[in-house]
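To find a chain, count down the sequence lines: A is the first, B the second, and so on, and within it residues start at 1. For clarity, every value in this text was computed on a predicted model and none was experimentally measured.
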2 protein chains.
Amino acid sequence: MKKSPSIPSYESAMGREGLRLTPQRRQVYEVLMDKRDHPTATEVFIRAQKKMPSISLATVYNCLETMVGNGLVKAVHVDREPTRFCANLMEHGHFHCTGCGHISDIEFSQTHDKGWKLPSGFLVTQHDLTLRGLCTDCGATFKNSNNSQPTTK
Amino acid sequence: MKKSPSIPSYESAMGREGLRLTPQRRQVYEVLMDKRDHPTATEVFIRAQKKMPSISLATVYNCLETMVGNGLVKAVHVDREPTRFCANLMEHGHFHCTGCGHISDIEFSQTHDKGWKLPSGFLVTQHDLTLRGLCTDCGATFKNSNNSQPTTK
DNA sequence: CTAGGTGCAAAAGGTTTGCGGTTAA
DNA sequence: TTAACCGCAAACCTTTTGCACCTAG
């Protein structure tokens with residue numbers, strides 16, 4: 001677990017809004033940048049605690065809310081599961097493996113034809129796409145043995 | 001508020017699974033079929049209560065869960081807002097107006113080119129698309145007066 | 001008759017909030 | 001110095017659950 005060489009845009013993004021650069025916020029942000037998976041607030045809390053034992057869950061929630069509000073991180077919602085957080089700011093979708101529960105980013109292709117029929121006058125500012133299915137590993141497991149269903153968590 | 005002329009597929013869909021056709025379930029289903037908006041469990045409860053004052057919220061949750069489990073209705077998730085329910089069984093996406101909070105169904109076009117790049121081996125079984133933006137009314141309100149922001153609910 | 005469903009109240013679980021003490025700027 | 005922030009605990013709100021009674025089949 002090596003330290004990120006630099007903290008891209010953290011100082012500037014936080015500073016731009018007149019927000020304080022507190023150690024807690026830095027820690028939360030580093031957790032998100034370190035492993036680019038999609039941890040829940042609690043998972044962020046647990047990881048942050050390892051480096052900063054005094055941090056509280058409420059503070060993690062506060063930091064995450066602040067960062068989402070400032071567009072520094074994105075909140076990811078899958079069904080009614082706990083909110084997950086994502087430091088990937090590029091426009092992207094998510095793939096939710098119903099086998100292992102893992103969530104991975106998916107890129108949109110360049111020619112991304114937005115194939116939907118919108119009533120005229122509607123103005124779209126954002127679109128969230130979540131695919132569901134089996135990842136390579138879970139798909140293989142499922143194929144190889146009809147007895148063992150993929151772990152439905 | 002007139003009674004639906006018939007209850008399409010309710011008896012058969014419920015019966016097929018060996019589930020009882022209770023008055024409560026029928027009532028919950030009728031609420032969903034009546035206005036095809038996307039009510040939350042609590043909203044379904046309130047509407048159902050008007051016709052059946054003795055029904056309980058827990059029962060509404062139970063009925064909805066049963067019906068979702070049997071594919072008779074769909075659960076719709078937008079951010080971390082309360083789960084909404086939808087009787088439209090066709091594959092479709094949702095448009096969430098950030099002005100008035102209303103959720104409307106959107107159809108996919110025939111040629112719906114799925115413009116995303118998936119790691120090889122991933123198997124997609126389902127995709128949820130949620131667009132966010134302003135509906136015609138809220139967009140108009142926003143344009144006409146720069147002072148009055150659309151109701152952010 | 002009886003398995004499955006209902007209604008009530010209490011619990012669970014994620015998230016938010018009030019508040020006194022702390023700290024970055 | 002001081003407004004913003006932290007940490008704690010309690011509150012909130014949606015959803016789930018345990019259990020006694022009820023009812024559709």
Side-chain angles (χ1 to χ4, degrees), chain A residues 7 10-29 31 38-46 48-49 51-70 72-85 101 103 153, chain B residues 7 10-31 38-46 48-49 51-70 72-85 101 153:
Chain A
I7 303 157
Y10 170 65
E11 325 282 339
S12 54
M14 296 297 278
R16 161 161 46 83
E17 303 289 337
L19 298 167
R20 284 202 202 156
L21 282 66
T22 68
Q24 289 86 347
R25 285 180 179 168
R26 188 182 306 271
Q27 184 55 50
V28 166
Y29 189 66
V31 165
H38 301 76
T40 62
T42 305
E43 282 161 357
V44 172
F45 172 56
I46 290 169
Q49 260 190 326
K51 291 271 188 66
M52 185 183 280
S54 66
I55 199 170
S56 76
L57 180 56
T59 295
V60 170
Y61 271 107
N62 284 335
C63 294
L64 290 170
E65 186 189 351
T66 302
M67 290 175 194
V68 169
N70 284 286
L72 205 66
V73 307
K74 279 179 169 178
V76 179
H77 302 273
V78 172
D79 298 343
R80 264 240 127 206
E81 291 183 9
T83 308
R84 293 162 180 282
F85 297 88
I103 290 173
K153 189 189 172 192
Chain B
I7 303 159
Y10 170 66
E11 325 283 337
S12 54
M14 296 297 278
R16 160 162 44 86
E17 302 290 335
L19 298 168
R20 287 201 199 156
L21 283 66
T22 69
Q24 289 85 347
R25 284 181 178 168
R26 187 182 307 271
Q27 183 55 48
V28 165
Y29 189 67
E30 281 189 10
V31 165
H38 300 77
T40 63
T42 304
E43 283 161 357
V44 171
F45 171 56
I46 291 169
Q49 259 191 327
K51 290 272 187 65
M52 184 183 279
S54 67
I55 199 171
S56 77
L57 180 56
T59 296
V60 170
Y61 271 107
N62 284 336
C63 293
L64 289 170
E65 186 189 352
T66 302
M67 291 176 191
V68 169
N70 284 287
L72 205 67
V73 306
K74 279 180 171 177
V76 178
H77 301 274
V78 172
D79 298 342
R80 263 240 126 204
E81 290 182 12
T83 308
R84 292 162 181 281
F85 298 88
K153 188 186 175 192

| query | What does A:Thr83 touch in the nucleic acid at a heavy-atom separation under 4.0 angstrom: a base, only the sugar-phosphate, or nothing? | reply | sugar-phosphate
| side-chain hydrogen bond (donor to acceptor under 3.5 Å, both in side chains) with B:Ser56: which residues, sequence neighbours excluded? | B:Thr59
| Which residues satisfy the side-chain hydrogen bond (donor to acceptor under 3.5 Å, both in side chains) test with B:Asp79, sequence neighbours excluded? | B:Arg132
| field | Sequence-distant partners of B:Phe45, side-chain contact (heavy atoms from CB on, under 4.5 Å), two or more places apart | value | B:Gln49, B:Ile55, B:Leu57, B:Val60
| message | Which nucleotide wins on minimum distance to the side chain of A:Ala41, given the candidates C:dT15, D:dT14, D:dG7? | response | C:dT15
| task | Scan B:Thr66 against the nucleic acid and name what it touches under 4.0 Å (heavy atoms): base, sugar-phosphate only, or nothing. | result | nothing
| message | Whether B:Ser54 contacts C:dG7 is assessed here as follows: a side-chain N or O lying under 4.0 Å from the phosphate OP1 or OP2. Is that the case? | response | yes
| request: Using five pairs at either end of the helix from C:dC1-D:dG25 to C:dA25-D:dT1, determine the angle between the two local helix axes and round it to 10 degrees. | output: 40°
| said: Among C:dT15, D:dC8, C:dG5, which nucleotide has an atom closest to any side-chain atom of A:Ser56? | reply: D:dC8
| query | Partners of B:Thr42 by side-chain hydrogen bond (donor to acceptor under 3.5 Å, both in side chains), sequence neighbours excluded? | reply | none
| said: Both B:Arg25 and A:Phe85 contact DNA chain C. Which one's nearest nucleotide lies toward the 5' end? | reply: B:Arg25
| For every nucleotide of nucleotides 17-25 of chain D, 5' to 3': is a protein heavy atom under 4.0 Å from its base (B), only from its sugar-phosphate (S), or from neither (-)? | B-----BBS
